[in-house]
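Reading through the C-alpha cells given below for one structure.
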Amino acid sequence: MADTACHVLHAPLQRGLTLVLGHMIQVLRWLAIIPACVAAFYFALFIALYVRSSVAALCPPELVVSGFCEASWYPAAEQAVFCFGVALSAFLIVLTAAGIAPTHRVLVSKAALGVGTLIAILFAVETGEFLALAAAVLAGILAMLVVTTLLSRARHASRNVA
C-alpha cells in the first residue's frame, strides 16, 4: 500500500517537473538563437581569415611590398576569399538559427535570412561590396532551402512510419 501511495504522489510531481523543465528549455533555446548566430558568424570569420592567410602565403616573396602582395592575381583571390567568408557566415547563421529554434524552424530560417539580407544590404551600400551582398543572399537562400528540404523529408518520413 505504501508503494502505491508513493507512486500516486510521485507521478504528478514528475509530470509537473517535466512540463516546467520542458518549457524552460524551450525558452532557453529561443534566447540562445542570437548568441549562437553570433558564434556562427565568428566561426565563419575565423575560417575566412585562415583561408585568406593561406592565400597570402602563396604570394611570391619578391612581390610582397610592405607586407602586401602585389601579384596580379591577388586582388581577385582576396575578393573570392571575402565572398566565401560572407557566404559561409550567411549559410551558418541561417542553419544555426533554424537548428536552435525549438519550433517554427522554417519561419526562423526565413527570419534569419531576412535580417541577414537587410544587414548585408546596409553593409554593401556602405562599402560598395555588392558581390559580397550577392554571395551572402544566395548562401542564405541555399541554407533556407536546406532547412525546408530537411524538415519536409523528416515530416514525410514520420508520416510513413506512423
Side-chain angles (χ1 to χ4, degrees), residues 21-160:
L21 287 179
H23 180 69
M24 188 183 315
I25 289 172
Q26 272 198 334
V27 169
L28 289 175
R29 285 178 66 182
W30 283 116
L31 292 174
I33 290 175
I34 291 177
C37 288
V38 170
F41 168 79
Y42 279 107
F43 178 74
L45 176 66
F46 290 130
I47 296 290
L49 289 174
Y50 176 76
V51 172
R52 183 181 178 272
S53 68
S54 298
V55 169
L58 298 173
C59 189
E62 63 273 6
L63 294 177
V64 176
V65 178
S66 298
F68 294 100
C69 182
E70 296 293 326
S72 61
W73 54 266
Y74 189 74
E78 193 173 42
Q79 181 69 36
V81 169
F82 182 69
C83 288
F84 163 76
V86 169
L88 180 63
S89 175
F91 188 82
L92 291 178
I93 287 171
V94 171
L95 283 184
T96 299
I100 298 285
T103 60
H104 307 293
R105 291 181 172 177
V106 172
L107 182 62
V108 169
S109 71
K110 289 177 182 179
L113 175 63
V115 170
T117 299
L118 289 175
I119 291 170
I121 288 170
L122 292 173
F123 177 80
V125 167
E126 218 32 59
T127 63
E129 290 288 345
F130 293 101
L131 190 58
L133 168 64
V137 172
L138 289 175
I141 290 170
L142 178 64
M144 186 194 65
L145 291 174
V146 166
V147 168
T148 304
T149 302
L150 290 176
L151 290 175
S152 175
R153 286 183 183 170
R155 224 176 285 124
H156 182 69
S158 68
R159 282 188 204 139
N160 288 343

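Since this is a predicted model, take the numbers as computed values, not measurements. Values below: every heavy atom of this structure, side chains too, minus hydrogens, waters and symmetry copies. Residue numbers run from 1 in the order of the sequence given.
Note on residues 120-143: no pairs pass salt bridge (Lys or Arg N to Asp or Glu O under 4.0 Å), not counting sequence neighbours.
When every heavy atom of Val108 is checked against every heavy atom of Ala97, the shortest pair comes out as CG1-O, 3.4 Å. Pairing each heavy atom of Ala40 with each of Thr96, the nearest pair is CB-OG1, 3.6 Å. Nearest approach of Val147 to Arg105, heavy atoms of both residues: CG1-O, 4.1 Å. Considering all non-hydrogen atoms of both residues, Leu92 and Phe43 come closest at CD1-CD2, 3.6 Å. Taking all atoms of both residues into account, the shortest heavy-atom contact from Val86 to Ala132 is CG1-O, 3.4 Å. Looking at every heavy atom in both residues, Cys83 comes nearest to Ala135 through O-CB, 3.7 Å.
In terms of modelled atom types and a separation under 3.5 Å, the side chain of Thr149 and the main chain of Val146 share no donor-acceptor contact. At distances below 3.5 Å, not a single donor-acceptor pair connects side-chain atoms of Ser89 with backbone N or O atoms of Gly85.
Paired with Leu88 under the rule side-chain contact (heavy atoms from CB on, under 4.5 Å), one option of Ile93, Val51, Leu45, Ile47 passes, and it is Ile47. Only one option out of Leu122, Thr127, Ile121 pairs with Leu133 in a side-chain contact (heavy atoms from CB on, under 4.5 Å); it is Ile121.
For the atom pair CG (Leu63) and OH (Tyr74), the distance works out to 12.5 Å, reported to the nearest 0.5 Å. Note that CG of Leu151 is 12.5 Å distant from NE2 of His104, once rounded to the nearest 0.5 Å. Between atom CG of residue Leu113 and atom CG of residue Leu142 there is a gap of 11.0 Å, rounded to the nearest 0.5 Å.
Among residues two or more places apart in sequence or in another chain, the side chain to side chain contact (heavy atoms under 4.5 Å, CB included) test is passed with Thr148 by Val106, Met144. Under the side-chain hydrogen bond (donor to acceptor under 3.5 Å, both in side chains) criterion, Arg52 pairs with Glu78, sequence neighbours left out.
With a 6.0 Å radius and a threshold of 12 heavy atoms from other residues, nucleotides or ligands, Tyr42 has its OH atom at or below the threshold.
Contact of the Leu145 side chain with the Ile141 side chain is registered, since non-hydrogen atoms from C-beta on lie closer than 4.5 Å.
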